[in-house]
Amino acid sequence: MAALALAVTGATTALPTAPVHAESPATANVTATSRAAASSPASSAASRRKGDTPVRPRLVGAWTTSTDRVVAALGGQTVRMVVRVSAGGGGTRLRLSNVFGTAPVTFADVHVGVQAYGAEILTGTNRQVTFGGRKSVRVPAGRAVWSDPIPGRIVAGSALVVSLYLPGTVSGITGHERAYATTFLSDPGDHAAEETADGFTYTSTQWYFLDRIAVETTSKAGSVVAFGDSITDGAGQNTDANRRWTDYLRQRMARVSPSRRMAVLNAGIAGNRLLRSGVGPSGLSRFYRDALTQPGVRTVVVFMGINDISRGEYTSIKPLAYGYKRLIRLAHARKIKVVGATLTPFYGFGTWTPEREDVRLRLNQWIRTSKAFDGVLDFDKAVRDAEFPEQLAASYDSGDHLHLSDAGRRKLAYTVNLSAL
């Protein structure tokens, strides 16, 4: 509770508002970055200098989730979501997405505060969010919108509470299916400005519409995006535990010097495949939107492919290697580093076969030795059983022989060489 009380301070003056933009995935990062520059006057005290060179604040992603169309019924009520940011700063902005919607969505009232407990917000921290100076915003189907800068500063690691009032029934909801976090749903009416939890009587474990939070910073460190499937999404952890391997990596980052500290963004979708859509868009089709357009992204960790192997009938690694190369080319075209992670064992899982194991081993060898990636994280070696490397070590196995335990997810985070990011 004490730590959360420091997460938002009231001393910072709101930055000038910027015009609202309904964004397509292809333009979101460009628009957000330009807005960051436009909202920071060069002559202000916030513009720091190193020697004679002014250092202007720029947007860096503090939190993200990858979205798809989710099954839910919402309308005439307030949605209250809790997310933990990995970077701190001022000039905070939210992005609301209707990318997978079938009709426009109106958000009539949006607030953001600091979590006290459950749906309750710390007294005095709940702030109005505006879009082009207006409290309400209408987002067309297939688009997303960034908010104006929000007054105050947030601290890295804070649990932010984002409340959205939806006055009408929504057709086609953009969201994230497995949040591994509790979302609170209200009785009918607008409860976004309330700091108590009294109006929220229902819960779910999905996130809705909110897909990015960014802050202004003068650091050049930027962010690292973890691009993956259920092992990255957080399968195996308890709801609200915040024990994804990216959460553990965020905790490690908090202990390095500010000049080297990177925000950690989780772009995992449980069940996702690199080459084929099904549970979420394929990795190939969503890589640009979910990874490369994140504000301030410097590095992407690609940890994906086990679902392609475990659910497919591949006898060659060529299709998967080709898929990786396509991601790498896209990233390099934007001067973004790509680090490849080897695929972890799944012996004992229901879809394991010797043939699929052979493909996994050969693909891991290609990841390690091809030099296609800018760096390699050997997650396979980190969590496999030393005596029987086809399976996870018992202490790292969640129990289903594919997903990792808390200790296993922590091991992945501590396998990462931070200097390689």
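Any value given below was found using the heavy atoms of this structure, including those in side chains, with hydrogens, waters and symmetry copies removed.
One N or O on the side chain of Arg298 and one on the backbone of Lys220 form a donor-acceptor pair closer than 3.5 Å. A side-chain donor-acceptor contact under 3.5 Å links Thr293 to the backbone of Arg289. Side-chain atoms of Asn98 come within 3.5 Å of backbone atoms of Pro140 as a donor-acceptor pair (strictly under, hydrogens ignored). Without hydrogens or angle criteria, Asp374 side chain to Ile328 main chain gives no donor-acceptor distance under 3.5 Å. Checking side-chain atoms of Asn266 against main-chain N and O of Thr246 turns up no donor-acceptor pair under 3.5 Å. A donor-acceptor contact shorter than 3.5 Å is absent between the side chain of Arg95 and the backbone of Trp146. At distances below 3.5 Å, at least one donor-acceptor pair connects side-chain atoms of Glu195 with backbone N or O atoms of Asn126. With hydrogens and angles disregarded, a donor-acceptor distance shorter than 3.5 Å links the side chain of Arg252 to the backbone of Ala413. Under the 3.5 Å distance criterion, the side-chain polar atoms of Arg260 are left unmatched by any main-chain donor or acceptor of Ala221. Looking only at distances, no side-chain donor or acceptor of Arg250 sits under 3.5 Å from a matching main-chain atom of Ser86.
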Exercise for the section: Determine, stepwise, if the pair Thr64 / Gln294 fulfils side-chain hydrogen bond (donor to acceptor under 3.5 Å, both in side chains). Expected result: CA-CA 8 Å; Thr64 196; Gln294 296 288 346; 3.0 Å; yes
Exercise for the section: Give the C-alpha distance, both sets of side-chain angles, the deciding distance and a yes or no for side chain to side chain contact (heavy atoms under 4.5 Å, CB included) between Val416 and Phe379. Expected result: CA-CA 9 Å; Val416 176; Phe379 285 171; 4.2 Å; yes
Practice task
Kindly indicate, with the supporting measurements, whether the criterion side chain to side chain contact (heavy atoms under 4.5 Å, CB included) is fulfilled by Thr78 and Phe200.
Solution key: CA-CA 8 Å; Thr78 306; Phe200 295 86; 4.0 Å; yes
Practice task
Start with the C-alpha gap between Leu404 and Asp397, add the side-chain angles, then the distance that decides, and say whether side chain to side chain contact (heavy atoms under 4.5 Å, CB included) holds.
Solution key: CA-CA 5 Å; Leu404 302 177; Asp397 190 342; over 6 Å; no
Handout entry: Criterion side chain to side chain contact (heavy atoms under 4.5 Å, CB included) on Met262 and Leu421, from CA distance to verdict
Key = CA-CA 9 Å; Met262 302 179 76; Leu421 298 179; 3.8 Å; yes
Practice task
Go through the steps to decide whether His191 and Ser163 satisfy the test side-chain hydrogen bond (donor to acceptor under 3.5 Å, both in side chains), and finish with yes or no.
Solution key: CA-CA 8 Å; His191 301 271; Ser163 303; over 6 Å; no
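When all heavy atoms of Phe227 and Gly283 are compared, the pair lying nearest together is CZ-O, 3.4 Å. The minimum heavy-atom distance linking Val300 with Leu292 is given by the pair CG2-CD2, 4.2 Å. The nearest pair of heavy atoms linking Gly61 to Ala263 is O-CB, 3.1 Å. Annotation for Val339 and Phe373: closest pair C-CD2, 3.9 Å, computed over non-hydrogen atoms. Between Leu327 and Phe287, the closest heavy-atom pair is O-CE2, 3.3 Å. Heavy atoms only, all atoms of each residue included: Gly76 and Tyr165 are closest at C-CE1, 4.1 Å.
Using modelled atom types, one finds a donor on one side chain and an acceptor on the other under 3.5 Å when comparing His176 with Thr65. Gln206 and Thr183 form no side-chain donor-acceptor contact under 3.5 Å, judged by distance and modelled atom types alone. There is no side-chain donor-acceptor pair under 3.5 Å between Arg384 and Thr344. In summary, the side chains of Gln391 and Asp385 do present a donor paired with an acceptor at a separation below 3.5 Å, with no hydrogens or angles considered. Side-chain contact, Asn307 with Arg276: no donor N or O sits under 3.5 Å from an acceptor N or O. With 3.5 Å as the limit, one finds a donor-acceptor pair spanning the side chains of Ser171 and Thr102. With hydrogens and angles left out, the side-chain atoms of Tyr347 and Arg356 include no donor and acceptor closer than 3.5 Å. Between the side chains of Gln128 and Asp109, at least one donor N or O sits under 3.5 Å from an acceptor N or O. The closest side-chain donor-acceptor pair between Arg93 and Ser147, if any, does not fall under 3.5 angstrom.
Side chains of Asp148 and Val129 form no contact here, defined as non-hydrogen atoms less than 4.5 Å apart. The shortest distance between side-chain heavy atoms of Ser158 and Trp63 does not fall below 4.5 Å. Side chains of Phe209 and Leu164 form a contact here, defined as non-hydrogen atoms less than 4.5 Å apart. Residues Ser186 and Arg80 have side chains not in contact (no heavy-atom distance under 4.5 Å, counting atoms from C-beta outward). Between Pro104 and Thr106, every side-chain heavy-atom pair lies at or beyond the 4.5 Å cut-off. At least one side-chain heavy atom of Arg360 sits under 4.5 Å from a side-chain heavy atom of Asp380. Contact of the Thr299 side chain with the Val225 side chain is not registered, since no non-hydrogen atoms from C-beta on lie closer than 4.5 Å. Residues Val279 and Arg311 have side chains in contact (heavy-atom distance under 4.5 Å, counting atoms from C-beta outward).
Atom CZ of Arg69 sits in a crowded spot, with more than 12 heavy atoms from other residues, nucleotides or ligands closer than 6.0 Å. Atom CZ of Arg286 has more than 12 heavy atoms from other residues, nucleotides or ligands within 6.0 Å. Atom OH of Tyr322 sits in a sparse spot, with 12 or fewer heavy atoms from other residues, nucleotides or ligands closer than 6.0 Å.
If you run side-chain contact (heavy atoms from CB on, under 4.5 Å) between Ser204 and each of Tyr208, Tyr202, Trp207, only Tyr208 comes through.
The side chain to side chain donor-acceptor pair (under 3.5 Å) check on Asn364 picks up nothing, with sequence neighbours excluded.
Taking CZ from Arg273 and CE from Met304, the interatomic distance works out to 11.5 Å, rounded to the nearest 0.5 Å. With rounding to the nearest 0.5 Å, the separation of OG in Ser282 from CG in Leu275 is 7.5 Å. Distance OG1/Thr67 to CD1/Ile173: 12.5 Å, rounded to 0.5 Å. Atom CD1 in Ile269 sits 6.0 Å away from atom CG in Asp68 (nearest 0.5 Å). Here the NZ atom belonging to Lys411 is positioned 14.5 Å from the CH2 atom belonging to Trp245, to the nearest 0.5 angstrom. For the atom pair OG1 of Thr415 and CG of Leu377, the computed distance is 8.0 Å after rounding to the nearest 0.5 Å.
Between Tyr324 and Trp366, the two ring planes are parallel [angle under 30°; tilted spans 30° to 60°].
Salt bridge Asp378/Arg368: present, at least one basic N to carboxylate O contact under 4.0 Å.
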